[in-house]
Amino acid sequence: QVQLVESGGGLVQAGGSLRLSCAASGLTLSSYTVGWIRQAPGKEREFVAAITWNGSIRYYPASGKGRFTISRDVAKNTVYLQMNSLKPEDTAVYYCAAKYYSGLSLGLRDLDYWGQGTAVTVSS
């Protein structure tokens, strides 16, 4: 059974940092492109960052000009999202999702597996 489990969300003050984790079971993340996607209240889901099966990385506008960093630990089968200098507008539920052997040109509907999400709240 494939599972993606996000963790690391919570309440943080503006300017603070959080590191989100996406731990996979039932699949090997080094064979998947993994994306971090967020959904703010009342808004549509949007990509934040993605890392391909071979380590290529793409940051989307939501990642905020170098404030966020995506990485992975192959041995731990986990992908991370380090978020620094958080702003209230980063408040959202953050999801990780995966697609088998994909490049970086993928849409939300292309993703094969989704986690349940972890909530991030940034207070001003």
Side-chain angles (χ1 to χ4, degrees):
Q1 182 181 2
V2 174
Q3 277 192 313
L4 299 176
V5 179
E6 302 95 334
S7 61
L11 174 64
V12 64
Q13 289 188 333
S17 298
L18 286 173
R19 188 177 80 158
L20 306 184
S21 299
C22 172
S25 59
L27 59 82
T28 302
L29 287 182
S30 58
S31 298
Y32 285 77
T33 289
V34 178
W36 282 100
I37 298 99
R38 72 183 184 185
Q39 186 167 24
K43 295 188 178 181
E44 296 184 350
R45 292 185 180 186
E46 60 179 348
F47 273 97
V48 176
I51 184 167
T52 66
W53 57 274
N54 62 351
S56 296
I57 289 173
R58 177 177 179 179
Y59 292 103
Y60 295 77
S63 66
K65 295 182 180 179
R67 294 189 297 119
F68 294 0
T69 302
I70 190 171
S71 63
R72 67 179 181 181
D73 186 326
V74 173
K76 294 184 178 179
N77 212 26
T78 300
V79 173
Y80 303 98
L81 185 69
Q82 177 68 42
M83 305 188 296
N84 298 327
S85 302
L86 284 162
K87 303 177 180 181
E89 51 263 43
D90 295 318
T91 294
V93 177
Y94 285 73
Y95 301 88
C96 66
K99 180 169 178 62
Y100 186 66
Y101 274 125
S102 173
L104 289 168
S105 297
L106 74 169
L108 294 174
R109 296 182 179 181
D110 297 326
L111 295 158
D112 298 322
Y113 303 104
W114 287 78
Q116 82 290 347
T118 186
V120 171
T121 303
V122 184
S123 63
S124 57

Item to complete: Report the distance from atom CG of Leu86 to atom CZ of Arg67, rounding to the nearest 0.5 Å.
Response: 6.5 Å

Item to complete: Measure the spacing between CD of Gln39 and CD of Glu44 and express it to the nearest 0.5 Å.
Response: 8.5 Å

Answer yes or no: is there a donor N or O on one side and an acceptor on the other, between the side chain of [X] and the main chain of [Y], under 3.5 Å?
X      : Y      : result
Glu6   : Cys96  : yes
Asp112 : Tyr100 : yes
Gln116 : Val5   : no

Please find the pair of heavy atoms, one from [X] and one from [Y], that lie closest to each other, and give the distance.
X      : Y      : answer
Asp110 : Lys99  : O-CD, 3.0 Å
Arg72  : Asn54  : NH2-C, 3.8 Å
Ala97  : Ile37  : CB-CD1, 3.9 Å
Leu81  : Val48  : CD2-CG1, 4.2 Å
Phe47  : Leu111 : CZ-CD1, 3.9 Å

Practice prompt. Decide side chain to side chain contact (heavy atoms under 4.5 Å, CB included) for Ser56 and Leu104; before the verdict, give the C-alpha distance in whole Å, the side-chain angles of both, and the deciding distance to 0.1 Å.
Written response: CA-CA 8 Å; Ser56 296; Leu104 289 168; 4.0 Å; yes

Discussion item. According to a hydrophobic-cluster definition based on side-chain heavy atoms being under 4.5 Å apart (Ile, Leu, Val, Met, Phe, Trp, Tyr only), do Tyr94 and Tyr113 belong together?
Written reply: yes

Worksheet item: Do Leu108 and Ile51 share a hydrophobic cluster (ILVMFWY, side-chain heavy atoms under 4.5 Å, transitive)?
Response: no

Worksheet item: Should the ring pair Tyr95 and Trp114 be called parallel, tilted or perpendicular, given that the plane angle runs from 0 to 90° and is split at 30 and 60?
Response: perpendicular

Worksheet item: Is the shortest heavy-atom distance from the side chain of Met83 to the side chain of Asp90 under 4.5 Å?
Response: no

Worksheet item: Should Ile57 and Tyr59 be marked as a side chain to side chain contact (heavy atoms under 4.5 Å, CB included) after you check the CA-CA gap, both sets of side-chain angles, and the distance that decides it?
Response: CA-CA 7 Å; Ile57 289 173; Tyr59 292 103; 3.4 Å; yes

Contacts table for residues 11-36: side-chain donor-acceptor under 3.5 angstrom, sequence neighbours left out:
unit_1	atom_1	unit_2	atom_2	d
Ser17	OG	Asn84	OD1	2.9
Thr33	OG1	Ser102	O	2.4
Trp36	NE1	Tyr80	O	3.4

